[in-house]
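Below: the structure, in structure tokens.
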Amino acid sequence: MADRERSIHEMLKDAPSLNDSCGSVHTGTEGGSLVLGSASSHSIAGGGGPFGAPNSLPLRNHSAPTTPMSPSSPPSGNGILSPTDSGSGSLIRTSASKIDSLKNWSISTYKCTRQIMLEKLGKSQRTVDSELEAQIEQLRETQRKYLSILRLTRAFSSHFQHVVVTQHALADSFADLAQKNPELQKEFTCNSETQRNLTKNGELLLNALNFFISSVNTLCNKTIDDTLLTIRQYETARIEFDAYRMDLENTKPELTPSAAALEETQRSYAQHKEQYEKLRSDVAVKMQFLDENRIKVMHKQLILLHNAIAAYFSGNAMALESTLKQFNIKLKSPNAVTGSWLEQ
């Protein structure tokens with residue numbers, strides 16, 4: 001056994017190194033076999049012994065993976081992929097556009113905030129249109145007063161509806177007692193009819209009140225609010241215009257680093273001035289139309305409210321009905337029970 005181990009060690013000493021045997025590899029694809037072509041490799045893997053091995057060994061390619069390349073974009077001369085994908089270019093342009101928009105918005109917000117603070121501290125002059133601002137303040141005051149009228153009318157309608165519901169229940173109670181008390185049938189019946197007539201006229205007045213509330217609500221919360229939205233845009237444009245105007249006034253040509261910067265400041269000032277003047281003109285036109293519409297609507301609604309309330313509390317049922325017909329008000333009883341779909 002010792003002689004055999006000694007002979008094996010001597011054979012290993014006489015064999016060439018593995019580095020020398022690498023040059024004898026002829027083929028080496030993955031899944032194939034490597035054929036050792038030198039005689040020394042055969043002597044190492046001599047057959048029949050316990051260390052025997054086949055002449056062809058299946059080897060796997062363990063080299064470093066290469067960068068995957070798109071079949072539509074061939075590599076350049078130095079092995080680096082060229083950005084030819086149009087989608088990547090459009091994505092870059094979109095990102096750049098968003099960054100520019102964010103940058104412009106940040107600059108504009110900073111300048112407007114600075115302008116507001118300087119105006120509150122009295123360190124900057126604001127552009128004032130005295131006549132237009134007086135009209136705007138009057139419009140806001142008018143809206144506040146109309147909203148107060150709307151709130152009070154809603155409260156009145158709600159309370160009066162409870163009265164009508166109570167009168168309706170009282171009329172039913174009197175009618176029931178008239179059937180069960182023959183000795184007081186006449187008196188109970190008279191009171192029941194009175195309460196029913198009051199309920200009917202009360203429902204007519206409720207229809208007039210609801211029509212008045214709906215019209216004034218539309219005027220306050222839609223028509224006037226639409227004009228106030230344009231006014232808020234005008235006020236924002238005024239602040240931006242004053243901010244860029246102050247920048248232009250504080251810019252000294254001799255201290256400006258380049259003529260392009262001065263030109264950009266002048267261009268921004270002209271742009272915001274044009275926007276400010278356009279919105280000022282829009283506000284003036286909208287307020288004129290709003291005033292005409294407000295007068296027409298309130299004239300109609302005030303006449304309706306006056307005639308309906310006067311006719312109800314004077315007990316003139318015919319005048320109350322004619323008032324509702326005059327204003328084309330669809331009668332809807334608040335106590336009416338909706339019938340089935342077959343009846344409809």
Side-chain angles (χ1 to χ4, degrees), residues 141-226 290 292-344:
E141 181 66 21
T142 300
Q143 188 192 34
R144 284 193 291 269
K145 292 180 178 178
Y146 282 10
L147 288 173
S148 176
I149 291 175
L150 181 62
R151 184 179 65 256
L152 294 173
T153 308
R154 281 174 172 166
F156 176 74
S157 176
S158 176
H159 296 323
F160 189 72
Q161 184 174 359
H162 289 299
V163 172
V164 172
V165 171
T166 304
Q167 288 176 337
H168 183 76
L170 191 59
D172 292 341
S173 297
F174 283 145
D176 183 63
L177 287 172
Q179 298 294 330
K180 297 179 179 180
N181 295 273
E183 66 279 4
L184 296 174
Q185 184 177 6
K186 182 178 179 181
E187 289 80 3
F188 278 128
T189 302
C190 181
N191 280 275
S192 176
E193 291 177 354
T194 301
Q195 295 299 325
R196 289 189 187 280
N197 290 331
L198 290 175
T199 300
K200 178 182 176 182
N201 295 334
E203 290 173 350
L204 296 178
L205 180 58
L206 279 174
N207 282 283
L209 289 173
N210 291 334
F211 185 75
F212 177 84
I213 290 171
S214 175
S215 300
V216 176
N217 179 65
T218 301
L219 177 63
C220 291
N221 296 320
K222 292 185 179 179
T223 309
I224 296 181
D225 266 0
D226 179 67
L290 173 64
E292 296 174 358
N293 186 34
R294 176 185 61 85
I295 292 174
K296 290 180 181 179
V297 170
M298 292 305 297
H299 175 74
K300 177 181 178 180
Q301 296 303 318
L302 290 172
I303 291 178
L304 164 68
L305 185 65
H306 172 269
N307 292 344
I309 290 179
Y312 174 80
F313 285 100
S314 65
N316 193 343
M318 295 181 62
L320 182 58
E321 290 182 2
S322 64
T323 298
L324 270 66
K325 291 178 181 179
Q326 178 185 355
F327 290 93
N328 298 321
I329 299 177
K330 184 178 180 181
L331 302 182
K332 182 180 179 181
S333 174
N335 300 318
V337 180
T338 304
S340 65
W341 63 273
L342 290 174
E343 296 175 351
Q344 296 175 0

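The structure displayed is predicted, hence computed values, not measured ones.
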In the structure I gave you, are the side-chain heavy atoms of Lys180 and Asp176 within less than 4.5 Å of one another anywhere? yes
Taking the side chain as everything from C-beta on, heavy atoms only, tell me whether Arg196 gets closer than 4.5 Å to Ser192. yes
Can you confirm whether Leu150 sits close enough to Arg154 that some side-chain heavy atom of one is under 4.5 Å from a side-chain heavy atom of the other? yes
In Å, rounded to the nearest 0.5 Å, how long is the span from OG1 of Thr166 to CD of Gln195? 10.0 Å
Closest heavy-atom contact between Ala311 and Ser314? O-OG, 3.2 Å
Are the aromatic ring centres of Phe160 and Tyr312 under 6.0 angstrom apart? yes
Pair Asp225-Gln143, side-chain donor/acceptor within less than 3.5 Å: yes
Closest heavy-atom pair, Thr153 versus Ile149, reported as atoms and distance to 0.1 Å, is OG1-O, 2.7 Å
Could you give the distance from CG (Leu205) to CG (Leu198), rounded to the nearest 0.5 Å? 11.5 Å
For His162 and Ser158, what are the C-alpha separation, side-chain angles and deciding distance, and is it a side chain to side chain contact (heavy atoms under 4.5 Å, CB included)? CA-CA 7 Å; His162 289 299; Ser158 176; 4.0 Å; yes
Which atom of His168 lies closest to which atom of Thr199, heavy atoms considered: N-OG1, 3.4 Å
How many angstroms lie between atom CG of Asn191 and atom CD of Glu193, to the nearest 0.5 angstrom? 10.0 Å
Roughly how far, to the nearest 0.5 Å, is CG of Leu204 from NZ of Lys325? 10.0 Å
Let me see the working for Lys200 and Glu203 under salt bridge (charged side-chain N to carboxylate O under 4.0 Å, His left out), right down to the final yes or no. CA-CA 5 Å; Lys200 178 182 176 182; Glu203 290 173 350; over 6 Å; no
Spacing of NZ belonging to Lys300 relative to CG belonging to Leu305, to within rounding of 0.5 Å: 14.0 Å
Could you tell me if the side chain of Phe211 sits less than 4.5 Å from the side chain of Gln301, heavy atoms only? yes
Between the main-chain N or O of Leu206 and the side-chain N or O of Asn210, is there a donor-acceptor pair closer than 3.5 Å? yes
Hey, does the side chain of Asn217 reach the backbone of Ile213 with a donor-acceptor pair shorter than 3.5 angstrom? no
Quick one: does Ser173's side chain have a donor or acceptor within less than 3.5 Å of a partner on Ala169's backbone? yes
Point-to-point distance, once rounded to the nearest 0.5 Å, from CG of Leu304 to NE2 of His306: 11.5 Å
Find out whether Val297 and Thr223 are in side-chain contact, i.e. whether some heavy atom of one side chain is under 4.5 Å from a heavy atom of the other. no
Sub-4.5 Å side-chain heavy-atom contact between Leu147 and Val216: no
Any idea which heavy atoms bring Thr189 and Ala178 closest together, and the distance? OG1-CB, 3.5 Å
The single option from Leu302, Leu324, Thr323, Leu320 that satisfies side chain to side chain contact (heavy atoms under 4.5 Å, CB included) with Asn307 is Thr323
